[in-house]
Amino acid sequence: MYTIGVDIGGMTIKVGLVDEQGNIVIKDRVKTNTDPYVAIKDTVELINKLLEKYNVSITEITGIGIGCPGSVKDREGILVYTNNLPWYNVNFREELKKYFNLPVEVANDANAAALGEVKYGVAKGYSNAVMLTLGTGVGGGVIIDKKIFSGSDGFGTELGHTTLVYGGKLCTCGRRGCLESYASATALMEQAREEMKINKNSKMWNYVSGDIMNVDGKIVFDCMQQGDESAKKVVDTYVNYVSEGIINMLNIFRPDIFIIGGGVSSAGKVFFDKIIKKVEEEEYGYAKVVIDIVPAKLGNDAGIIGAASLIG
Ligand SMILES: [Zn+2]
């Protein structure tokens with residue numbers, strides 16, 4: 001048996017056929033039409049094309065899972081609003097049921113990615129997990145008893161929009177001092193640029209071809225490992241922000257495992273060792289219980305596999 005995973009993004013819709021072990025056996029993509037009903041038709045066509053191509057009949061499909069950015073009423077299968085597209089109150093479940101007599105589940109993509117990691121990825125075998133995705137923004141997913149916890153109407157667990165610095169930087173959401181404004185990959189690059197402006201001798205300048213806008217997370221971490229003091233300062237400050245955010249989440253949820261996804265998580269062991277050290281120093285309670293803090297595993301396929309994991 002197979003499940004269909006649909007990953008809706010602002011630019012492309014990715015569709016994959018996922019087997020019972022969580023492997024994508026075939027996948028393809030289509031450009032996201034700005035009209036949601038055209039986009040749904042395109043998705044239906046792509047699903048049918050993949051079934052035909054892989055020679056699988058509809059009776060071998062357990063259901064269709066959809067992950068999309070934005071606010072999702074997951075119990076009803078409705079995308080209410082997303083920053084990325086002019087889509088409002090799109091009832092994916094109702095629309096797809098017109099084409100397929102199958103269960104259809106819809107969730108916010110960060111929540112779906114967290115569930116995917118618990119079902120098939122790095123947190124396999126765990127019941128309770130929290131995932132932070134450090135990308136352009138900071139996404140969050142909370143899994144309790146192997147199920148997504150998404151709060152009333154599915155709008156909860158916006159972990160990136162919890163305050164880290166009272167009265168701090170203005171966030172994209174309108175509040176000040178959100179975790180997202182300090183711990184996203186975007187924030188890391190801002191912090192690196194501020195440091196570069198102060199320290200013109202930083203090695204980071206050697207990698208940006210004269211344009212400070214070219215600095216990225218990889219440059220910061222590489223320069224730190226080459227012994228550049230400025231880069232080390234940037235990483236240490238960033239690690240403090242991320243760690244404080246993690247400690248907040250640990251104090252609220254106390255999950256069995258904590259997952260970090262997004263581009264920054266590829267910085268590897270040096271980044272995770274620093275975070276784990278900082279979290280252990282500041283964890284609540286005198287009896288230190290070490291919680292695994294690990295990088296996400298599903299990578300580029302997290303969208304499709306996470307969506308597929310919504311079924312069953
Ligand atoms: Zn915010």
Side-chain angles (χ1 to χ4, degrees), residues 8-11 67-74 78-89 107-115 129-144 148-194 213 215-217 220 234-235 237-253 255 258-265 267 271 275 278-279 282 293 296 302-303 306:
I8 295 179
M11 304 298 284
C68 48
S71 305
V72 179
K73 283 190 180 178
D74 45 15
I78 300 171
L79 169 67
V80 177
Y81 165 81
T82 170
N83 268 333
N84 311 50
L85 290 157
W87 295 6
Y88 301 94
N89 295 309
N108 167 276
D109 51 7
N111 291 348
L115 186 63
V130 174
M131 179 164 165
L132 270 190
T133 304
L134 311 176
T136 311
V138 172
V142 174
I143 306 300
I144 298 174
I148 291 172
F149 173 81
S150 60
S152 177
D153 263 351
F155 292 179
T157 65
E158 288 294 348
L159 306 183
H161 300 286
T162 52
T163 306
L164 195 66
V165 179
Y166 177 69
K169 286 191 170 190
L170 188 63
C171 180
T172 53
C173 74
R175 289 181 84 202
R176 284 195 176 274
C178 288
L179 178 61
E180 175 163 305
S181 305
Y182 295 87
S184 61
T186 317
L188 170 62
M189 286 175 241
E190 270 170 30
Q191 290 154 19
R193 287 196 290 269
E194 276 165 30
M213 294 309 287
V215 75
D216 60 21
V220 180
V234 173
V235 170
T237 305
Y238 179 72
V239 161
N240 284 344
Y241 288 135
V242 174
S243 304
E244 290 291 338
I246 291 174
I247 294 159
N248 287 342
M249 304 308 153
L250 295 183
N251 285 348
I252 300 168
F253 298 105
F258 198 100
I259 309 159
I260 301 178
V264 180
S265 69
F271 177 55
I275 285 187
K278 176 85 185 158
V279 170
E282 306 221 353
I293 300 174

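Only heavy atoms go into these numbers, but all of them, side chains included; no hydrogens, no water, no symmetry mates. What you see is a predicted model, and the numbers here were worked out from it, not measured in a lab. Order of listing sets the numbers, starting from 1, for every ligand and every atom in it.
- Under a 4.0 Å N-O distance rule, the pair Arg175/Glu158 does not qualify as a salt bridge.
- Inspection of the environment of the Zn ion (ligand 1) yields the following protein N, O or S atoms under 2.8 Å: His161 ND1, Cys171 SG, Cys173 SG, Cys178 SG.
- Taking the ring-ring contact (aromatic ring centres under 6.0 Å, His included) definition, one finds that Phe253 meets it with nothing, sequence neighbours left out.
- Atom SG of Cys68 is separated from atom CD1 of Ile78 by 11.5 Å, given to the nearest 0.5 angstrom.
- For Phe271, the ring-ring contact (aromatic ring centres under 6.0 Å, His included) criterion is met by Phe221, not counting sequence neighbours.
- Listed by chain and residue number, Tyr241 satisfy the ring-ring contact (aromatic ring centres under 6.0 Å, His included) test with Tyr182 (two or more places apart in sequence, or in another chain).
- Checked options Leu159, Ile148, Leu115; the residue passing with Val142 is Leu159 (criterion: side-chain contact (heavy atoms from CB on, under 4.5 Å)).
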